[in-house]
Amino acid sequence: MKPVLRPAIDGLLILVLVFLFTSALLLLVDTSPVEAYGHLLRGSFGSWSKFSRVLNVWVPLTLCSMGLLYAFRAGLWNIGVEGQMVLGAIGATAVLNGGLGSDTPLLWLGLALLAGMLLGALWALLAGWLKVWGGVHEIFTGLGLNFVAVGLVLWLIFGPWKRPGIASMSGTQPFPRELWFPTLEGWRVSPFAIGLALLVVLLSLWLLQRSRFGLELKAVGQNPRAVPLYGLSPVRYMLIAITLSGALAGLAGTLQVSGVYHRLIPAISSGYGYLGLLVVMLANFRLLPIPFIALFFAALNVGSIQLPMMMQLDSSLSGVIQGACVLSALLVFGLRRLQRRSP
Amino acid sequence: MSRILLRFALLVLLTGAVTSFAAGKELVFGMLLVGPYNDHGWSQAHYEGGRYLERKIPGARMIYIDKVNPADRPGVTVPMVVDDLVDKGATLIVANSDDMKDGIREAALQHPEVKFVHISGDDVLTGKAPENLSNLMGRMVYGKMMAGFTAALKSRSGRIAYLGPLINDETRRLAVAAWLGARYAWTEVLGKPADQLRFKVSWIGFWFNIPGVTADPNQVVRNFFDSGYDVVLSGIDTTEAIVVAQQKRLEGQDVFALPYDYVGSCQTAPEACLGVPYFNWGPEYVKLARSVLDGTWKQRWIWAGPDWKDINDPDTSAVGFLPGPALDVVNKERLQAFITGLGDGSIQLFRGPLDYQDGTPFLKAGEIADDKKIWYMQQLLKGMEGPSK
């Protein structure tokens, strides 16, 4: 078989498995799968306004997934991506609070981006340091730091940044329109955000696939014990990778604040960090499929809101489909490995 | 030939007129619920109100989406859902949570041709609302007075607890009303000294339980009962208070609770339920929908009260109180007298002297609070326990 064809066939196989599984599930609860898929499709691609909502999810999801890819390349499981996103959101909110009433809102938005990336990166670096010098596995520090991040955001929303007079789960006081990421008439997503996400995809494509750095990162990830023989420091590469990972998550968090919610809310990450992990796994840790899988997942997230509205079905079906995708993928990839081993 | 064309043109015009007439009669009514539509509380009361509207206005159809909050539906925002409802033809959209204030204002600006109602909000009062956004709330202070009144009649220890959501003007207002009702029953009906009545407010942090984020209402209510409080008033959207009270009764404790929001919520745990102050949104929804249909919509801030002729009339009263199975006949009669007094104005609980918790005056002696003073309740009142902010 041609090597190009194989991923395509695998992809198709995964989709068929998911389709069968989900349809069986829907039939089991006496629901028409055709109707459900129709609603999912129309709810996500049915109009420009809906598709722009999909892009609104696609941007942070792609950024998180790209970030995760850097960590995976270095052999790290950056579970802390959720917390890094939250810290990015906190950094952005802090800067935008400073920009209230300023004559140069764009400057403050730019600063917010930098602050978000910086805080996300530092939060990730903390997990990296603990891994490298503390010997704590990054999965545990990542999970721990996620909890700390959520605690921090709740404290800020109910404490120092609470609305005048009222502390509320609704989050902080919304920012004035000047401090929203600029968008166009009829758009529900900022073109800048889309541009940023595309830029990150292209840069990563070059950095990970074409540059020397990418090659070395891969070497570190695949065999950290061997690389010192070539004069490479695995520690350095791991720290760089997880820092980049955190910076991208922080960027995603910033966009959630300035482009989507226009304020800081307790659930600011919307779970995109964890969803990003699924995206990257489904992409089999390769870069090119990531933007497309992220688009598919984003469409499921947005389209699934139709299910409770039109069919009184629970919208968690989208989560079921996403999970089924990853499980089927693991199954297919696993079978392929077995196939290779037994000629 | 020209006659045929003319006839054809007439036919087209006629069909056009008929369809547009029919279209004018149809009303798609969108509803954003913060909790589950069957929560036996706040959201279900709205859901039933929407169904009531469908029954009363032929051609009206509700499209609802429940659990619209960032914890249950991450990434789903209010403007996003509204875009979709508008695509589906909604011309009147209700957002049922205080939590949706910013989102619904943004959506109203994006869709000036659609009419919006934000429940419990005050954007119209503060001038932040665009012309197509109104506010609606029921005068639940009366319902809470009745709830507090009933609680005090049944409390043997004189220790009443209030399970509060988060702290804001609305929740302080309602907790204060409940305390005023309780104090009236304790001193005026039972003739006991005021200082023997304790009224404690605990806030869980949100309108319903979000594990890991809010305090667990089950735990809070259990703590109340375990520390000597024998009646709990619920101020949250869901029914934990009566459910726990029922459990405690099965364990042999003589305790009661009063749920909130939804007329049918006593059914969850009847033996423990003294009664429920509830909202009846249907009649106001019908008025709002009619105003959209006949083009008389005007931005308004509506604070709809009970119909004192019969506070439980489903067609006229926006707020009611339904005595529960656990309330005995004697106390039902006392409650009825209290309701009559509230209705004819002979009982006026928002009358000074009343002080805020920190000692600053809320109402001078003899002063009666106006709507704004009650709406924007700054603190709990002196005599109540629990944080004001």
Side-chain angles (χ1 to χ4, degrees), chain A residues 42-43 46-50 52-54 56-57 60-61 147 150-151 153-154 158 162-163 165-175 177 180 185-186 188 256 260-263 265-272 274-275 298 301-310 312 314-316 318-319, chain B residues 30-34 36-37 62-88 97-103 105-106 109-111 165-172 203-208 210 212-214 376 378-379 387-389:
Chain A
R42 278 194 301 277
S47 69
W48 165 243
S49 127
K50 293 204 170 84
S52 63
R53 296 288 184 197
V54 172
N56 236 343
V57 178
L61 187 56
F147 277 107
V150 170
V153 84
L154 285 174
F158 283 92
K162 75 174 178 193
R163 292 173 179 230
I166 305 161
S168 161
M169 283 290 293
S170 319
T172 58
Q173 186 78 7
F175 293 113
R177 276 180 186 258
W180 294 15
E185 186 68 33
R188 299 297 190 243
Q256 287 282 92
V260 180
Y261 287 102
H262 313 301
R263 61 186 192 276
I265 62 168
I268 192 71
S269 77
S270 302
Y272 295 153
Y274 292 127
L275 200 57
N301 268 24
V302 172
S304 66
I305 197 79
Q306 300 296 322
L307 300 176
M309 229 187 299
M310 306 309 290
Q312 276 70 55
D314 203 287
S315 64
S316 53
S318 66
Chain B
M31 170 100 87
L32 276 65
L33 302 170
V34 67
Y37 75 95
M62 169 167 72
I63 306 178
Y64 74 94
I65 168 84
D66 65 351
K67 296 195 272 181
V68 180
N69 68 77
D72 277 319
R73 298 194 191 279
V76 171
T77 62
V78 171
M80 168 175 160
V81 178
V82 167
D83 276 353
D84 193 57
L85 289 170
V86 173
D87 278 355
K88 292 184 165 58
S97 173
D98 171 54
D99 198 43
M100 300 171 183
K101 189 181 221 169
D102 312 311
R105 194 191 307 140
E106 190 184 331
L109 287 165
Q110 283 166 346
H111 299 281
L166 45 92
I167 309 177
N168 65 19
D169 297 329
E170 176 190 340
T171 61
R172 284 192 289 255
W203 311 98
I204 66 163
F206 197 60
W207 295 100
F208 46 81
I210 305 176
V213 176
T214 63
Y376 291 111
Q378 302 293 312
Q379 297 176 25
S388 272
K389 53 181 102 187

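Order of the sequence lines sets the chain letters (A, B, ...), proteins ahead of strands, with each chain counted from 1. Computed over heavy atoms, backbone and side chain alike; hydrogens, waters and symmetry mates excluded.
Using a 4.5 Å heavy-atom cutoff, the side chains of A:Gln256 and A:Tyr261 are in contact.
For A:Phe147, no part sits under 4.5 Å from any heavy atom of chain B, backbone or side chain. The part of A:Gln306 that comes within reach of chain B is its side chain, from C-beta onward, which places non-hydrogen atoms under 4.5 angstrom from that chain. In this structure, chain A has no heavy atom under 4.5 Å from any part of B:Leu32. Residue A:Val150 does not touch chain B at all, counting heavy-atom pairs closer than 4.5 Å. Of the atoms belonging to B:Pro165, not a single heavy atom falls under 4.5 Å from chain A. Residue contact with chain A, scored on non-hydrogen atoms closer than 4.5 Å, involves the side chain of B:Asp87 exclusively. Looking at A:Ile265, only its side chain comes within 4.5 Å of chain B, counting heavy atoms on both sides. For chain B, no part of A:Ser52 is nearby; none of its heavy atoms comes within less than 4.5 Å.
Look at A:Arg42 and B:Asp84 and you find no salt bridge, because none of the NZ, NE, NH1 or NH2 atoms lies under 4.0 Å from a carboxylate O. A salt bridge does not link B:Lys88 to B:Asp83: none of the charged nitrogens lies less than 4.0 Å from a carboxylate oxygen.
Side chain of A:Asn56 to backbone of A:Arg188: a donor-acceptor contact under 3.5 angstrom is found. Judged by distance alone, the side chain of B:Asp66 and the main-chain N or O of B:Tyr37 form a donor-acceptor pair under 3.5 Å. Put simply, the side chain of A:Ser270 never gets that close to the backbone of A:Tyr272: no donor and acceptor are under 3.5 Å apart.
When each of B:Met100, B:Gln378, B:Met80 is checked for heavy-atom pairs under 4.5 Å with chain A, B:Met80 comes out on top. Your options are B:Pro70, B:Gly205, B:Gly75, and the one with the most heavy-atom pairs under 4.5 Å with chain A is B:Gly75.
Here A:Trp180 pairs with A:His262 under the ring-ring contact (aromatic ring centres under 6.0 Å, His included) rule; sequence neighbours left out.
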